[in-house]
Amino acid sequence: MLAISDLSARYGRSVSALRGVSFDLPDESIVAVLGSNGAGKSTLLRAISGTLGLHGGQLTSGHIELDGQRIDRLDPAAIVHRKVMQVPEGRQVFGRMSVEENLRAGGLATEPGKRAAARAAVLELFPVLGQRLDQTAGLLSGGEQQMLAIGRAMMAEPRLLLLDEPSLGLAPQMIERIGEVIAEINGRGTAVLLVEQNAAMALQLAHRAVVLEVGELALAGDAAELAASEDVQRLYLGGQ
Ligand code: ATP
């Protein structure tokens with residue numbers, strides 16, 4: 001579905017953030033992206049969603065194909081139109097708007113006739129949002145805001161969901177719930193590219209995983225195999 005070839009990116013003149021990264025994301029799969037701080041994980045998601053330029057970055061080589069068509073020269077709106085949705089790190093819900101208004105904003109790219117069904121599916125996925133539709137989004141708990149951020153993206157009925165650190169700053173129980181939701185979303189046919197510091201959670205959920213180290217692809221493969229590898233255990237799973 002998504003094919004990334006020889007992708008390099010930089011910020012300004014001096015900061016090289018990705019160097020020659022290549023991997024594929026098969027249809028309807030979950031691919032985890034692991035790596036320490038500054039490895040280039042967010043840059044990779046920004047490159048796919050077309051938002052790199054908004055952060056002062058640019059691609060310097062390579063390409064990104066969605067179903068065989070290049071998307072790396074498209075603007076963010078055109079990429080949303082192709083049903084690729086990003087949930088950025090830090091959630092970034094519209095804090096002063098209600099839950100309902102946030103969801104409505106997420107549905108703007110969806111055909112009007114499909115919005116009610118998308119909303120019903122999101123509320124089925126996140127019943128808690130249904131109980132808080134009139135609440136100001138900024139007053140939700142961190143976990144609820146993460147659910148709203150994912151729910152808002154799901155209003156666009158994405159084929160590919162790009163998640164940047166969805167477990168960041170959440171309590172263990174909420175992390176577990178977010179994991180269940182990601183599995184459920186994937187079970188309904190949406191592919192997921194999951195950037196996570198929580199490698200244990202990510203490797204449990206994902207079919208495949210890639211590891212970035214200072215902008216380069218260090219490892220790639222089946223998630224269960226990577227979880228069993230000594231390097232991954234030592235570096236990312238807290239093993240010896
Ligand atoms: P983290 O988990 O800390 O967010 P990451 O793996 O997502 O890390 P990136 O945020 O993609 O890493 O950063 C990759 C490199 O690019 C780092 O050296 C970082 O300092 C730099 N970088 C990221 N965003 C910008 C920006 N907007 N302007 C300049 N440099 C940036």
Side-chain angles (χ1 to χ4, degrees), residues 2-25 30-64 71-72 76 79 84-93 142 145-146 149-150 153 160-170 172 175 178-179 182 192-206 208-221 223 225-227 229-240:
L2 188 76
I4 297 189
S5 321
D6 190 32
L7 202 66
S8 300
R10 58 171 55 250
Y11 294 97
R13 288 201 179 163
S14 54
V15 184
S16 157
L18 291 176
R19 282 186 298 279
V21 170
S22 303
F23 69 94
D24 290 341
L25 181 142
I30 302 180
V31 175
V33 182
L34 310 180
S36 25
N37 286 336
K41 306 182 297 299
S42 298
T43 303
L44 175 66
L45 291 196
R46 290 171 185 162
I48 299 167
S49 64
T51 56
L52 197 52
L54 302 177
H55 295 270
Q58 64 183 76
L59 291 178
T60 51
S61 81
H63 41 91
I64 305 172
I71 58 167
D72 49 273
I79 292 172
V84 175
M85 293 297 293
Q86 182 173 11
V87 179
E89 188 176 333
R91 310 185 259 281
Q92 301 179 21
V93 296
Q145 289 191 29
Q146 184 59 263
I150 297 174
L160 171 60
L161 192 61
L162 309 171
L163 295 177
D164 200 349
E165 307 268 10
S167 79
L168 198 70
L170 301 184
I175 294 178
I178 295 285
I182 294 170
V192 180
L193 189 61
L194 173 63
V195 163
E196 258 301 335
Q197 291 271 344
N198 186 337
M201 170 209 188
L203 288 173
Q204 208 173 14
L205 279 171
R208 300 181 56 75
V210 299
V211 178
L212 292 179
E213 273 174 18
V214 278
E216 292 182 9
L217 194 80
L219 287 168
E225 278 170 24
L226 282 186
S229 99
E230 271 182 29
D231 281 348
V232 171
Q233 295 235 347
R234 184 168 42 83
L235 293 170
Y236 301 105
L237 296 171
Q240 297 301 311

Is a side-chain donor or acceptor of [X] paired with a backbone partner of [Y] at a separation under 3.5 angstrom?
X	Y	answer
Asp72	His63	no
Ser22	Asp6	yes
Ser8	Gly20	yes

Would you give the length of the straight line joining atom [atom1] of [X] to atom [atom2] of [Y], rounded to the nearest 0.5 angstrom?
X	Y	atom1	atom2	result
Leu212	Arg19	CG	CZ	10.5 Å
Ile48	Leu160	CD1	CG	7.0 Å
Gln86	Leu161	CD	CG	9.5 Å
Leu162	Ile79	CG	CD1	9.5 Å
Leu194	Leu25	CG	CG	11.0 Å
Ile182	Glu196	CD1	CD	7.0 Å

Could you tell me which residues satisfy side chain to side chain contact (heavy atoms under 4.5 Å, CB included) with Ala206, sequence neighbours excluded, listed by chain and number?
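Result, side chain to side chain contact (heavy atoms under 4.5 Å, CB included) vs Ala206: Ile30, Ala32, Ala223.
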With sequence neighbours excluded, what pairs up with Ser42 under the side chain to side chain contact (heavy atoms under 4.5 Å, CB included) test?
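By the side chain to side chain contact (heavy atoms under 4.5 Å, CB included) rule, Ser42 matches Arg46, Glu89, Asp164.
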Locate the shortest heavy-atom distance separating [X] from [Y]; write the atom from each residue and the value.
X	Y	result
Thr60	Ala9	OG1-N, 3.9 Å
Gly221	Leu226	N-CD1, 3.9 Å
Leu18	Gly40	CD2-O, 3.6 Å
Met201	Ser167	SD-CB, 3.9 Å
Gln197	Gly35	NE2-O, 4.2 Å
Ala149	Val93	N-CG1, 3.9 Å

Please evaluate residues Val232 and Leu203 with respect to the criterion side chain to side chain contact (heavy atoms under 4.5 Å, CB included), reporting the C-alpha separation (whole Å), side-chain torsions for both, the decisive distance (0.1 Å), and the verdict.
CA-CA 10 Å; Val232 171; Leu203 288 173; 3.9 Å; yes
Other residues, nucleotides and ligands only: do more than 12 of their heavy atoms fall within 6.0 Å of CD on Gln204?
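At most 12 heavy atoms, drawn from other residues, nucleotides or ligands, come within 6.0 Å of this atom.
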Checking Tyr11 against Leu52 for the side chain to side chain contact (heavy atoms under 4.5 Å, CB included) test, could you report, in this order, the C-alpha distance in whole Å, the side-chain angles of both residues, the deciding distance, and whether it holds?
CA-CA 9 Å; Tyr11 294 97; Leu52 197 52; 3.7 Å; yes
Chi angles and distances behind the side chain to side chain contact (heavy atoms under 4.5 Å, CB included) call for Leu193, Leu163:
CA-CA 6 Å; Leu193 189 61; Leu163 295 177; over 6 Å; no
Test side chain to side chain contact (heavy atoms under 4.5 Å, CB included) on Leu219 and Glu213 and set out the steps.
CA-CA 9 Å; Leu219 287 168; Glu213 273 174 18; over 6 Å; no
Note, Val21 side chain near Val210 side chain (heavy atom, < 4.5 Å):
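No; the side chains remain at least 4.5 Å from each other.
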